[in-house]
Structures are given as structure tokens and as C-alpha cells.
Amino acid sequence: MRLVVTGATGFIGARLIDRALSRGYEVTALARDPERAAARIGARLGVEKWSIGDPLPPLGQSDAVLHLAAYIPADLSDARQAARCFEINTNGAIQIAMEAASQGVKRFVLFGSAQVYAPGTEPASEASPAYPVHRASYYLASKLAAEICVLAFGKSSAMPVTVLRLASVYGPGMHDTGMVPTFVRTLGSGRSLVIQDGGRYSVDLVYVDDVVTLALQAVETAEGGVFNAGSGRACTSLEAAQIVADAVGAERHLIAVEGNSTDAAPRGFRVLNVSKAANELSYAPLSFREGIEAWKSMTGLTDFQDGSVNAW
């Protein structure tokens with residue numbers, strides 16, 4: 001099988017390429033900086049210089065394009081970034097899909113975000129309302145618009161399109177900012193950790209290898225439509241910190257909680273209902289504890305321990 005991956009040097013893209021190569025697939029990586037991907041060049045990996053908005057290079061008889069490249073503004077609340085978000089994330093995605101179809105690519109996988117769902121207390125299914133006005137609205141609206149446009153084009157062109165709505169992805173190779181890296185870095189160094197909002201911030205944490213497995217399964221089965229890519233479980237910030245502490249051998253008393261409140265308003269993002277992916281794509285994601293243990297078996301969870309942040 002021959003795959004084309006955009007966003008090839010990113011966290012998920014690099015992991016996806018590794019897995020595809022291990023399965024014996026041929027991969028073409030499209031990257032703004034080919035030198036960053038040069039270390040991955042091998043018999044089954046080619047690298048092409050490319051940015052969103054550029055014409056696609058000749059792709060040959062490729063089976064699928066997996067589109068991860070996106071523009072995420074530094075300030076997610078800046079309305080002046082809206083035009084660029086739509087230019088790159090929406091118009092760029094439909095352009096890539098159209099050019100891929102014109103070259104005979106058989107299917108298209110778009111990586112979206114599960115943060116497009118409207119807030120709610122029940123797990124979000126693929127049919128739940130999407131209304132991203134509470135956070136990162138310009139970026140998330142551009143990602144949701146990309147889904148609509150690419151799915152519509154796929155129907156009109158008879159090219160199967162799969163959209164994966166990703167929960168909060170963690171694992172080896174991730175950036176060193178955010179909740180999970182902070183917990184690993186702080187507790188792994190034996191320092192105290194302060195958690196805000198009473199430890200009630202809740203999110204669906206999905207291990208990167210589960211996302212990669214789901215994407216490749218979608219390619220292999222040519223399954224189209226929208227699929228949630230989460231763990232299917234809610235995890236509070238306090239629970240996540242305790243799990244990380246156990247994994248790195250830190251005492252739980254290093255974890256302090258601040259900001260307890262009687263306010264019952266939910267914090268964070270909705271847990272995802274992943275039954276559709278489980279039923280149609282044999283998706284079986286790990287829990288956060290299982291994912292942390294899988295990560296630990298690979299790197300020892302020493303990825304971020306040189307940092308100094310100890311509050312989240």
C-alpha cells in the first residue's frame with residue numbers, strides 16, 4: 001500500500017509514518033522542511049518539499065492521502081487569525097482533496113478535532129451537535145468547515161473520505177507543553193505538583209498509537225465518514241496526576257489541589273463515545289493508565305524531566 005502523509009514531521013504524523021513503514025507500506029512524506037524528515041528516509045519513504053497551498057507533487061498510484069498538516073495560531077482567541085485559519089485549514093484541505101482525486105488517489109483521511117463538540121455532560125457521539133464557540137473558535141471552526149467541505153467533495157467525486165475527530169492525544173514524541181508533559185516532568189523529577197480548579201478539569205486522553213492504528217484501519221478498509229478517536233473515558237486532572245505519579249514512582253502526597261469550589265460547572269472537554277469506531281473499525285483504545293504504562297515501557301517516561309514547570 002502506498003500512503004501520502006502531510007504534517008509528516010509533527011507528533012502524530014511522525015508516529016503514523018513509523019507504523020506504516022513497519023507494516024511494509026510505501027510512504028511519501030510532504031513537509032515544509034524536508035531536512036527534518038531526512039532521518040526517516042529509507043527504501044519505502046520519500047520526502048517532498050511542500051506546504052499547504054502549494055500544488056501537490058505527482059503522487060503516482062497512491063492509495064491514500066492522510067492530511068494532518070494544519071495552522072494553529074499562537075493566540076487562539078485572536079479574531080485576526082480567523083482568515084488565515086480558514087485559508088489554510090479549510091481551503092487548503094479541500095484543495096488537497098481535489099488534487100489528490102485528480103491524481104487518482106483512492107481515499108482521503110482528514111484529521112480533525114473533537115473539541116468542535118458543543119459542551120455537554122453526556123459522551124459526544126459523531127451525531128452530537130458541533131458548535132465550537134467556547135474556546136479556539138476560529139481555529140476549530142476552520143477545522144469543522146474543512147470536514148464539511150471535504151466530505152461533500154468525497155461524495156461528489158466517489159472518493160471515500162474519513163474524518164477522525166481527535167481527543168487530547170498524548171504519548172512519545174509529543175510537545176513538551178500541556179497537562180500530561182507537565183505531570184510527567186514534575187512528578188518524574190520528584191517535585192511537588194499544584195493542580196488548579198479543584199482537580200476537576202476533565203478530558204478524554206487518547207494514546208497516540210491508538211490514533212495511528214485507527215487511521216491505518218480506516219485506510220485499509222476504505223471506510224468513509226466521521227469517527228471519534230478518543231479513549232472513550234473521562235479523566236480528571238487529579239486522576240491523571242495520580243496515574244502519572246504511580247507510573248514514575250512518585251508519592252501521591254506531592255500532588256496538591258487548589259481552587260476547590262461548589263460550582264458544579266464542567267471543566268475541560270467532553271468525553272467521546274467511540275462505539276462507532278469500535279463497531280466499524282475494530283477500535284480498542286487504551287485507558288490513560290494503560291497508555292502511560294505503554295509509554296513508560298518505551299521511554300521510561302524520562303522525556304520531559306529536565307523542565308522546571310510544577311503547576312498546572
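Side-chain atoms of D204 come within 3.5 Å of backbone N or O of L272 as a donor-acceptor pair.
When only modelled atom types and interatomic distance are considered, S142 and N89 share a side-chain donor-acceptor pair under 3.5 Å. With no hydrogens or angles considered, no side-chain donor-acceptor pair links E99 and Q103 at under 3.5 Å. In this model, no donor atom of one side chain and acceptor atom of the other lie less than 3.5 Å apart for Q61 and R2. At a cut-off of 3.5 Å, with distance as the only test, a side-chain donor of Y117 or N228 sits close to an acceptor on the other residue. Donor-acceptor pairing under 3.5 Å is lacking for the side chains of S237 and R200.
Taking a 6.0 Å sphere around CZ of R32, one finds it holds 12 or fewer heavy atoms contributed by other residues, nucleotides or ligands. Counting non-hydrogen atoms of neighbouring residues, nucleotides and ligands closer than 6.0 angstrom, the NZ atom of K276 exceeds 12 such neighbours. Atom NE2 of H175 has 12 or fewer neighbouring heavy atoms from other residues, nucleotides or ligands inside a 6.0 Å radius.
When all heavy atoms are compared, the tightest approach of T9 to A31 is CG2-CB, 4.2 Å.
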Next on the checklist: Quick one, D209 with R15, criterion salt bridge (Lys or Arg N to Asp or Glu O under 4.0 Å). Give me CA distance, side-chain angles, the key distance, then yes/no.
Outcome noted: CA-CA 7 Å; D209 286 356; R15 198 79 177 161; 2.6 Å; yes
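Among L166, L164, L140, I72, the one residue that satisfies the side chain to side chain contact (heavy atoms under 4.5 Å, CB included) test with S113 is L140.
Side-chain heavy atoms closer than 4.5 Å link hydrophobic residues (I, L, V, M, F, W, Y) into clusters, and following such links, even through other members, never connects V116 to V271.
The hydrophobic cluster containing L30 also includes V4, W50, I52, L56, L59, V65, Y71, I88, I94, I96, M98, V105, F108, L110, V150, L151, F153, M159, V161, V163, V226, under a criterion of side-chain heavy atoms closer than 4.5 Å among ILVMFWY residues, counted directly or through chains of members.
Y283 has its ring centre no less than 6.0 Å from the ring centre of F227.
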